[in-house]
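For ligands, and for the atoms within them, numbers begin at 1 and follow the listed sequence. If you read the sequence from its start, that first residue is 1, and numbering goes on from there.
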Amino acid sequence: MKILAIETSCDETAVAIVEATGDAATAQFRILGNALLSQIDLHRPYGGVFPTLAKREHAKNIVPLLRAALEEAELVREDGQELSEETREEIAAIFTREEGLAEAFFDFVSEIEAPEIDAIAVTAGPGLEPALWVGVNFAKALAKTWNKPLISVNHMEGHIMAALATHVTDTELVIKDVALPVLALLISGGHTQLVAMRQWLSYELVGQTRDDAVGEAFDKVARLLGLPYPGGPEISARAEGARGANIETPHTLPRPMLHDATCDFSFAGLKTAARYLIQSLGDVDDQTRAQIALEFENAATEVLLAKTARALEETGAQTLVLGGGVSANAHIRRSFAEAIAREHPDVSLRIPRAALTTDNAIMIALAGYYHALRSEFADPSTLRANGNASLT
Ligand code: KG4
Ligand code: ZN
């Protein structure tokens, strides 16, 4: 089946068309079209994602991205469809809070025939609620216009499915030979969670942060060091530079909750310790910046590793996946690969390619397919965006 997937939970607007075959045990995916626009440059001056700006940008860009994805998938037939007055009214009512989107939507859908897709999957949460609504309403309007079933996807589930997938070629993915239970370490700007999947699509929370998410800590420490948003890649580049040059760090930062007997995390204390350290140093030069980045990245990685090791023991997981934007981090990827090979050689570690770790719509199509296989479709009249949607 061909799935059109939409993701607007944060600061990436993304539309993908993926052809999926097979069953849960062995599923194959062909990426037919993939259009993504990052808003990072627009949010950078604010030092973080500004929700109303994110919403406006999603609403402005989603139609051009849909067109681009459909064109890449060769699914555009310029033979318009006249919408009935009733349908137009229903769609205008869906878009009451997305200024200008109804007009752009009508212009586009009335130019083309309904494309040959089988379902529309959309991220309903978690994320920034105003941003999520754009995708959810857009998906509802498309489902209505083209008479297609709708699938509601949890963003974190998308990260898990992307992490389980392996590339066969640049445009082909496969999910197979997954030994259950799966343990997922989900690390992003909004989440730090250890989730066990003992059966397909059934999740259990094993541990989570009690305060800040690890990505948030990366972003805040970067800001304290005078580095631009998003801070994760900035910290990473400086820490890697210091490692490469064998620069040692004279600074020490805490490893919060390292030895506590749960799989929970805390990153607020690490961030605060970094703040005091940076304040105590006065003006920081590039070398000091690199040393602090190195120590911070080492501290965060050690905690992530220790808690994941504990969760592996507790759950007896056979497969470990890393998902979410922070799993793009080179040091974290390397450290996990080494630690798992050394201490848990029986566990299969899967980390997605960097392009699939940050937010995208392909991961939403993958997760959507698993729901479609179970005929889990959403009711367009009741589907809502939920910023706090939980997996468990
Ligand atoms: O999953 P994601 O794209 O969006 C959310 O759902 O939050 O994750 C974004 C987060 C940001 O905090 C960003 O700084 C962090 O992922 N990040 C990184 C790296 N690349 C992105 N953190 C550490 N190292 C990186 N290389
Ligand atoms: Zn994400």
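- For atom 21 (C) of ligand 1, the nearest protein heavy atom (residue, atom name, distance) is G325 O, 3.4 Å.
- Taking the six-membered ring where the residue is Trp, H155 and H159 present perpendicular rings, their angle passing 60° and hence far from 30°.
- The shortest N/O to N/O separation between N329 and ligand 1 falls below 3.5 Å.
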Anything under 3.5 Å between a donor and an acceptor, one on a side chain of residues 223-238, the other on a protein residue two or more places apart or in another chain? List them.
unit_1 : atom_1 : unit_2 : atom_2 : d
E234   : OE1    : R238   : NH1    : 3.0
R238   : NH1    : E234   : O      : 3.4

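- A salt bridge links R67 with E78; the closest basic N to acidic carboxylate O contact falls under 4.0 Å.
- Protein N/O/S atoms closer to the Zn ion (ligand 2) than 2.8 Å number 3 in this structure.
- Assignment of H191 to the shell around ligand 1 is not supported, since no heavy atom sits closer than 4.0 Å.
- Ring orientation note: the planes of F218 and F296 are nearly perpendicular, at an angle over 60° on the 30°/60° scale.
- Here the heavy atom of the protein found nearest to atom 4 (O) of ligand 1 is D359 OD2, 3.3 Å.
- Of all the heavy atoms of C10, none lies under 4.0 Å from any atom of ligand 1, so neither backbone nor side chain is involved.
- Nearest non-hydrogen protein atom to atom 15 (C) of ligand 1 is V326 CG2, 3.8 Å.
- Checked for salt-bridge contact, D260 and K307 meet the test: a charged N lies under 4.0 Å from a carboxylate O.
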